[in-house]
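Worksheet for the structure shown next.
Just so you know, these numbers use all the heavy atoms, side chains as well, and skip hydrogens, waters and symmetry mates.
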Amino acid sequence: MKDEEKTKDQLIKEMQKMQEKVADLEEVKLKYNQVDKKLKQTHIKLQKIIEGTAHIIMKVVEIRDPYSTGHQQRVSKLATAIAQEMKLPQDKIEGVRLASLVHDVGKVNLPTEIVSKPSKLVEVEFNLLKNHPRIGYNILKKVDFPWPIAEIVFQHYEKIDGSGYPRGLKGDEILIEAKILGLANVIEAMSSSRSYRPALSVDEALAEIAENKNILFDPEVVDTCIKLFKEKGFKF
């Protein structure tokens, strides 16, 4: 009888210990959920700050160059769609999206008469303009983005055959994000009116990049872009 009572007491004590452990686990879980919630809230706030910074930069460029109003947003829309269709990792897609929104920031350092010139640029003026990716890089590298935004902007005028600028990078030396941004930038620019030339149709712009596939532009990026317009009904 005494042995039975002893066994019961042991079971009760063990059950009490188990209940205490469960209570401890519940407390840990509650604290974890609270920390997780705070981290998510902080992440959302950070995202809003980054987004706000990108839009401020974009608006500054548009004030300097009224002809570019909406250009960076349209480029971002196409570049993001290409990155998504290529099934790039989410961090690269986000990097493409934000870099596209600010890719012309280097133009703020150019004389207004070049940025807003109503006719085609002469060689000296064009050489000045060609430096704007480098200026953009120098501005953006001071911002601690979670993505290589400054480097993407620096590279977006490079071409896979090495004929681009400002560094003459080629092939795999160019980030995939920059290849996507560069192509989206070309398509949007060609299909938009400028003061010195009429707009091409989207089909004409697509034909132009198709001719330069594997020469100036990455073949996978070209094929994906054409697919978006021809098969997926993409529109600016």
Side-chain angles (χ1 to χ4, degrees), residues 68 71-72 74-89 92-93 95-97 99-107 120-137 147-194 196-236:
S68 75
H71 164 71
Q72 292 176 109
R74 290 190 294 271
V75 170
S76 183
K77 182 180 178 183
L78 176 56
T80 304
I82 293 171
Q84 288 171 333
E85 188 65 26
M86 288 175 66
K87 295 182 170 48
L88 293 188
K92 287 188 182 293
I93 294 171
V96 166
R97 186 181 75 82
S100 302
L101 285 174
V102 300
H103 72 272
D104 276 340
V105 65
K107 288 182 178 179
K120 203 165 185 178
L121 299 177
V122 298
E123 188 178 354
V124 176
E125 293 169 331
F126 186 59
N127 285 336
L128 277 173
L129 181 67
K130 283 167 70 173
N131 200 39
H132 86 266
R134 187 185 300 278
I135 298 166
Y137 169 78
W147 313 274
I149 303 294
E151 190 61 36
I152 297 168
V153 169
F154 201 178
Q155 295 182 12
H156 80 279
Y157 272 104
E158 304 288 354
K159 300 293 184 284
I160 63 169
D161 65 352
S163 65
Y165 58 85
R167 288 181 286 176
L169 302 179
K170 58 184 178 181
D172 291 339
E173 293 173 344
I174 307 167
L175 294 172
I176 186 62
E177 298 98 308
K179 292 175 180 177
I180 292 169
L181 167 54
L183 185 80
N185 188 43
V186 166
I187 290 287
E188 199 287 329
M190 285 195 293
S191 58
S192 298
S193 294
R194 292 291 183 267
Y196 54 89
R197 61 150 178 83
L200 296 178
S201 69
V202 169
D203 284 341
E204 287 172 320
L206 293 176
E208 182 76 23
I209 64 162
E211 280 182 26
N212 287 290
K213 172 182 167 181
N214 233 345
I215 301 168
L216 303 180
F217 307 113
D218 182 274
E220 186 181 1
V221 178
V222 170
D223 289 342
T224 304
C225 181
I226 292 171
K227 180 182 176 184
L228 281 172
F229 280 99
K230 300 281 191 182
E231 297 177 26
K232 303 279 184 169
F234 179 88
K235 285 186 172 73
F236 282 115

* To do: Would you confirm whether E177, through its side chain, and I152, through its main-chain N or O, come within 3.5 Å as a donor-acceptor pair?
  => no
* With respect to V75, which candidate in L181, I187, L101, V186 satisfies the side chain to side chain contact (heavy atoms under 4.5 Å, CB included) definition? -> L181
* Asked: How far apart are the C-alpha atoms of K235 and V202, what are their side-chain angles, what is the distance that settles it, and do they pass the side chain to side chain contact (heavy atoms under 4.5 Å, CB included) test?
  -> CA-CA 9 Å; K235 285 186 172 73; V202 169; over 6 Å; no
* To do: Check whether any side-chain heavy atom of L216 lies under 4.5 Å from a side-chain heavy atom of I209, and answer yes or no.
  => no
* To do: Grab the two heavy atoms, one from P166 and one from P133, that are nearest each other, plus how far apart they are.
  => CD-CB, 4.1 Å
* What are the two closest non-hydrogen atoms of V153 and A99, and how far apart are they? -> CG2-O, 3.9 Å
* Mind checking whether E151 and F154 have side chains closer than 4.5 Å, heavy atoms only? -> yes
* Asked: Is there side-chain contact between Y165 and E158, with at least one heavy-atom pair below 4.5 Å?
  -> no
* Taking the side chain as every heavy atom from C-beta outward, state whether I180 and L88 have any pair of such atoms under 4.5 Å apart. => yes
* **Backbone of K107 reached by a side-chain donor or acceptor of D104 within 3.5 Å** => no
* **Listed once per pair and sorted, the side chain to side chain donor-acceptor pair (under 3.5 Å) pairs that draw on residues 77-89, sequence neighbours left out** => E85-K227
* Is there a side-chain contact between K230 and L206, using heavy atoms and a 4.5 Å cut-off? -> yes
* **Where F234 and A81 come nearest, the two heavy atoms and their spacing** => CE1-CB, 3.9 Å
* To do: Examine distances only and state if a side-chain atom of N212 and a backbone atom of E208 form a donor-acceptor pair shorter than 3.5 Å.
  => yes
* Worked verdict on L78 versus E188 for side chain to side chain contact (heavy atoms under 4.5 Å, CB included) -> CA-CA 8 Å; L78 176 56; E188 199 287 329; 5.8 Å; no
* Asked: If you measure from OG on S100 to NE2 on H71, what distance do you get to the nearest 0.5 Å?
  -> 9.0 Å
* To do: Report the relative orientation of the aromatic rings in Y157 and H132; use parallel for angles under 30°, tilted for 30 to 60°, perpendicular for over 60°.
  => perpendicular
* To do: May I ask you to test the E220-I176 pair for a side-chain heavy-atom distance under 4.5 Å?
  => no
* Closest approach of L175 to Q155 (non-hydrogen atoms, all atoms of both residues) -> N-OE1, 2.7 Å
* Asked: Under 3.5 Å, side chain of S76 to main-chain N/O of Q72, donor-acceptor pair present?
  -> no
* Asked: Where do G95 and I149 come nearest, in terms of heavy atoms and distance?
  -> O-CD1, 3.5 Å
* Which pair of non-hydrogen atoms, one from C225 and one from I82, has the smallest distance, and what is that distance? -> CB-CD1, 3.9 Å
* To do: Determine whether K179 and D172 make a side-chain contact, defined as any pair of heavy atoms from C-beta on separated by less than 4.5 Å.
  => yes
* To do: Calculate, to the nearest 0.5 Å, the distance between atoms NZ and CG belonging to K159 and L183 respectively.
  => 9.0 Å
* Asked: So, D161 versus S163: side-chain donor-acceptor pair below 3.5 Å or not?
  -> yes
* Asked: If we only count heavy atoms from C-beta on, is the I93 to R97 side-chain gap below 4.5 Å?
  -> no
